[in-house]
Amino acid sequence: MSWLKPSWQGLLAILLCLIALALGAMSKPEAAALAQPEASFDYPYLATKGLMFGLLLLATLASMARLSTIVEALVLFIGAHLAAWLLITGINGYEGTALAPFFLLLAAAWLLGWRCVAVLSSLRPVANWVRTALRLIIPAIFGAWILIIWEAVTRGAGIPFILLPPPSAIGARIAGSLPVLGADVRQTIFKAVIFGYVVGSGAGFLAAIAADRVPFLRRGLLPIGNMVSALPIIGVAPIMVMWFGFDWQSKAAVVIIMTFFPMLVNTVAGLAASGHMERDLMRTYASGYWPTLIKLRLPAAAPFIFNALKINSTLALIGAIVAEFFGTPVVGMGFRISTEVGRMNIDMVWAEIAVAALAGSVFYGVVALVERAVTFWHPSVRGG
């Protein structure tokens with residue numbers, strides 16, 4: 001038995017497949033056909049049921065053989081995803097009729113996908129491009145399985161569309177509403193978010209420098225910052241709309257308020273991060289405040305500053321979208337969400353949520369890449 005290397009995911013997947021096989025019918029129409037064999041019924045998985053069981057069992061058994069890690073991951077990937085695709089396409093047109101074996105096979109496929117990710121995570125490649133590829137592939141597989149389970153459960157269990165539409169419907173809505181979504185992104189992100197993020201973060205950084213230079217400001221601003229950061233956005237947004245109007249300027253004002261104090265607090269903390277020995281060394285070189293700030297203290301504070309920038313990248317988007325609920329022109333992501341909820345167009349609401357999540361992830365990722373380029377010397381970056 002030295003040629004076997006069983007995993008708990010594989011053993012559990014085999015057990016689930018055997019239970020599903022013992023239970024029999026995968027859908028209500030199939031159960032009706034089995035109960036009345038003389039009648040003619042059309043039911044899902046008429047020609048693919050055996051193929052799905054065979055795929056899952058063969059992929060599981062093959063993964064337990066002592067194959068190379070890459071081959072094992074490839075076998076698991078193909079078996080899990082092909083079985084999941086057959087499950088989802090087979091239930092199309094029979095939504096809400098799935099029985100327990102359907103969900104057992106879905107769980108078995110998910111376990112194989114889990115095992116695939118675990119095998120890929122165990123790789124320690126030497127080449128940089130392979131490590132980069134793995135850092136992209138592993139989260140992609142993980143995210144794909146969230147969508148696969150979402151799609152299969154909503155279709156198999158027949159969850160009402162108004163409660164939770166499947167990802168395929170949301171994707172179709174995005175593809176069919178690109179001009180509307182593009183206009184909303186321009187209004188919310190490229191006007192309110194970008195402007196408010198730059199102004200709020202920049203003002204917070206300059207205020208932190210002033211507070212570091214003037215102890216009076218440090219003692220006065222930080223307590224106020226803690227208080228203002230706790231203000232509810234739903235209370236600030238209507239006031240900003242009254243002050244600055246219904247266009248993007250009022251949303252940018254909300255973003256400025258939300259991003260100013262995280263940058264202030266983190267930068268002040270970062271400026272105090274440099275050690276006493278380094279500052280004593282700068283004083284022995286007769287270095288004044290500004291040379292010490294530029295050459296020592298700001299580089300030491302860079303991880304804190306970028307931490308604030310990453311926090312603000314998500315806060316800015318949330319603030320702008322929520323602010324649009326309280327008054328905006330007939331365009332914008334927050335406006336669209338509030339309007340389409342009232343119209344019961346839930347797929348459009350989810351389309352806006354998906355676009356906002358994608359935009360926020362890209363924004364965060366750009367800041368993280370800049371951080372890695374600027375703070376390459378920091379142990380957290382060198383170690384990652």
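We're numbering straight along the sequence, starting at 1.
Residues Phe306 and Val370 are in side-chain contact: their nearest non-hydrogen atoms beyond the backbone lie under 4.5 Å apart. Considering only heavy atoms from C-beta on, Thr97 stays 4.5 Å or farther from Phe102 through its side chain. Counting heavy atoms from C-beta on, the side chains of Phe326 and Val254 never come closer than 4.5 Å. In this structure the side chain of Val255 never reaches within 4.5 angstrom of the side chain of Phe195, judged on heavy atoms. No side-chain heavy atom of Leu99 sits under 4.5 Å from any side-chain heavy atom of Leu23. Side-chain atoms of Met64 and Ile14, non-hydrogen and from C-beta on, do get closer than 4.5 Å to each other. Contact check for Ile321 versus Glu352: no side-chain heavy atoms found under the 4.5 Å cut-off. Between Leu309 and Glu371 there is no side-chain heavy-atom pair separated by less than 4.5 Å.
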Step-by-step side chain to side chain contact (heavy atoms under 4.5 Å, CB included) determination, Val153 to Leu106:
CA-CA 9 Å; Val153 170; Leu106 177 65; 4.1 Å; yes

Does the pair Trp110 and Ile148 meet the rule for a side chain to side chain contact (heavy atoms under 4.5 Å, CB included), with working shown?
CA-CA 9 Å; Trp110 169 68; Ile148 289 170; over 6 Å; no

For side chain to side chain contact (heavy atoms under 4.5 Å, CB included), just list the numbers for Thr188 and Phe335, CA-CA rounded to whole Å, side-chain angles, deciding distance to a tenth of an Å, and then say yes or no.
CA-CA 10 Å; Thr188 302; Phe335 164 80; over 6 Å; no

Take Val117 and Leu76 through the test side chain to side chain contact (heavy atoms under 4.5 Å, CB included) and record every step on the way to the result.
CA-CA 9 Å; Val117 170; Leu76 289 167; over 6 Å; no

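Distance check, rounded to the nearest 0.5 Å: CG of Leu87 to CG of Leu56 gives 7.5 Å. Going from atom CE of Met26 over to atom OH of Tyr94 covers 13.5 Å, rounded to the nearest 0.5 Å. To the nearest 0.5 angstrom, Ile78 atom CD1 is 12.5 Å from Leu58 atom CG. The CD atom of Gln187 sits 11.5 Å away from the CE atom of Met333 when rounded to the nearest 0.5 Å. Atom CG of residue Leu134 and atom CH2 of residue Trp129 lie 9.0 Å apart, to the nearest 0.5 angstrom. Considering CG of Leu55 and CH2 of Trp85, their distance stands at 11.0 Å, rounded to 0.5 Å.
A donor-acceptor pair is defined here as one N or O able to donate and one able to accept, closer than 3.5 Å; no such pair exists between the side chain of Thr48 and the backbone of Leu51. Glu324 places no side-chain N or O within donor-acceptor distance of the main-chain N or O of Lys251, the cut-off being under 3.5 Å. Not a single donor-acceptor pair under 3.5 Å links the side chain of Trp248 to the backbone N or O of Val193. Judged purely by atom type and a 3.5 angstrom limit, Asp347 has no side-chain atom pairing as donor or acceptor with the backbone of Ala169. Looking at Thr154, its side chain does come within 3.5 Å of a backbone N or O of Glu151 through a donor-acceptor pair. With Thr267 contributing its side chain and Leu264 its backbone, the two residues share no donor-acceptor pair below 3.5 Å. Checked by atom type and distance alone, the side chain of Thr314 pairs as donor or acceptor with a backbone atom of Ile311 at under 3.5 Å. Judged purely by atom type and a 3.5 angstrom limit, Ser63 uses its side chain to pair as donor or acceptor with the backbone of Thr60.
Follow the hydrophobic side-chain contacts under 4.5 Å out from Val199 and you never reach Phe363; the two are in separate clusters. Under a hydrophobic-cluster definition in which Ile, Leu, Val, Met, Phe, Trp and Tyr are linked whenever side-chain heavy atoms come within less than 4.5 Å, directly or via other members, Val185 and Ile353 are assigned to the same cluster. By the rule that hydrophobic residues join a cluster once side-chain heavy atoms approach within less than 4.5 Å of another member, Ile19 and Tyr45 end up as members of one cluster. A continuous path of ILVMFWY side-chain contacts below 4.5 Å connects Ile257 to Leu206, so both sit in one hydrophobic cluster. Cluster annotation: Ile305 and Ile256 are assigned to distinct hydrophobic clusters (Ile/Leu/Val/Met/Phe/Trp/Tyr, side-chain heavy-atom contacts under 4.5 Å, transitive).
In this structure, Pro166 and Arg155 approach most closely via the heavy-atom pair CG-NH2, 3.9 Å. Contact detail for Ala108 and Cys17: the closest heavy-atom pair is CB-SG, 3.9 Å. Across all non-hydrogen atoms, the minimal contact from Gly113 to Ala80 is N-CB, 3.7 Å. Of all heavy-atom pairs between Ile88 and Ala152, the closest is CG1-CB, 4.0 Å. Between Pro125 and Arg131, the shortest heavy-atom contact is O-NH1, 3.4 Å. Heavy atoms only, all atoms of each residue included: Ala323 and Val241 are closest at O-CG2, 4.4 Å.
For Trp145, the CH2 atom sits in a packed shell: over 12 heavy atoms of surrounding residues, nucleotides or ligands are nearer than 6.0 Å. Other residues, nucleotides and ligands place more than 12 heavy atoms under 6.0 Å from the CE atom of Met242. The neighbour count for Phe190 CZ, taken as heavy atoms of other residues, nucleotides or ligands under 6.0 Å away, does not exceed 12.
Arg343 pairs with exactly one of Asn345, Val341, Ile346 by the side chain to side chain contact (heavy atoms under 4.5 Å, CB included) rule, that one being Asn345. When each of Trp8, Phe77, Phe142 is paired with Trp114, the ring-ring contact (aromatic ring centres under 6.0 Å, His included) condition holds for Trp8 and for no other. Exactly one of Thr339, Ile337, Leu181 qualifies for a side chain to side chain contact (heavy atoms under 4.5 Å, CB included) with Met348. That residue is Leu181.
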